[in-house]
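To start, the structure under review is shown below, and the notes come after it.
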Amino acid sequence: MNAITGLSGILVLFLVTGCAVGFSHRRHFSVRWLVVAALLVVLNDILLTRAYGVFPNLLPGSWNWQGKILALLATLVLASLPYFGWRRIGLTLRQHKDSVRPALLVMGVYIAFFIVLALIFPHEGASAETVAFQLTMPGLEEEIFYRGLLLYALDRAFTARVHVLGVEWGWGALFSSALFGLAHAFGYSDGGFYFEPMIMALTAIPSLLVVWLRLRTGSLLMPIILHNVGNSVFLIL
């Protein structure tokens, strides 16, 4: 029940804030797509948690392989529907013209950020399973969902754009990053909600760099690679 209550809290924050922003710019707002985005978050959480423990865990190991794989498969199936489309959400190897060089620079900044974190918070070592998991599942599942499917839905919900740093930013970029941060930093336990500002900062802020990569290159390729590299830095240093 704690997980369901925590998710409910996130959804209330998201929908209340989303409606406040949207109705202040009514011509650029779609309630329907906002609801779609909320339902995507719910479905993703249900599958990640194996329906909050209802589904049996059929895959061995200490990491959540089954939840990640189920969530990834659902995202890919939804992305194939006409309302979305793999290419539209960024599932393509093709990069926008003249985007690779600036993207590599941003990737360098991102990796340097996580190297500094790894040096400040050293890791004691990792098993082969941990290395395999961190090199694959976080980037594949989370990037395709948060910077792909969810970002696309949010960009349909909030259509206003502003050109900054070579890309067209919308509220979708901010909300997808905030939801990603809250998924790690917000929850419910011991009879009350909790919020970890440091975890929020260390997840939501770097995710904006990854959103920039997705928007600048038009592809999820670099975000997926970068996410897995960033996670794995802690296992190497």
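As the structure is a computational prediction, the values presented were derived from the model and not from experiment.
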Close side-chain approach of Ser219 and Arg214, heavy atoms under 4.5 Å: no
Lys NZ or Arg CZ of Arg147 over Tyr152 ring: under 6.0 Å, within 45°: no
Ring-ring centroid check Phe186 Phe193, cutoff 6.0 Å: yes
Plane angle bin for Phe175 and Phe14 - parallel if under 30°, tilted between 30 and 60°, otherwise perpendicular: perpendicular
Basic-acidic side-chain contact under 4.0 Å: Lys68, Glu142: yes
Close side-chain approach of Thr92 and Trp86, heavy atoms under 4.5 Å: no
Side chain to side chain, Tyr146 and Ser207, heavy atoms closer than 4.5 Å: no
Connected via hydrophobic side-chain network under 4.5 Å: Leu43 and Leu39: yes
Taking every non-hydrogen atom, the tightest pair across Ala153 and Val36: CB-CG1, 4.4 Å
Any side-chain heavy-atom pair of Asp45 and Tyr52 under 4.5 Å: yes
Same apolar cluster: Ile4 and Leu182, side chain cutoff 4.5 Å: yes
Tyr188 ring center within less than 6.0 Å of Tyr194 ring center: no
Test: Arg88 cationic atom under 6.0 Å from Phe84 six-membered ring centre, within 45° of axis: no
Contact check, side chains of Thr159 and Ser30, non-hydrogen atoms, under 4.5 Å: no
Verify same cluster id: Val41, Tyr83 (apolar side-chain graph, 4.5 Å): yes
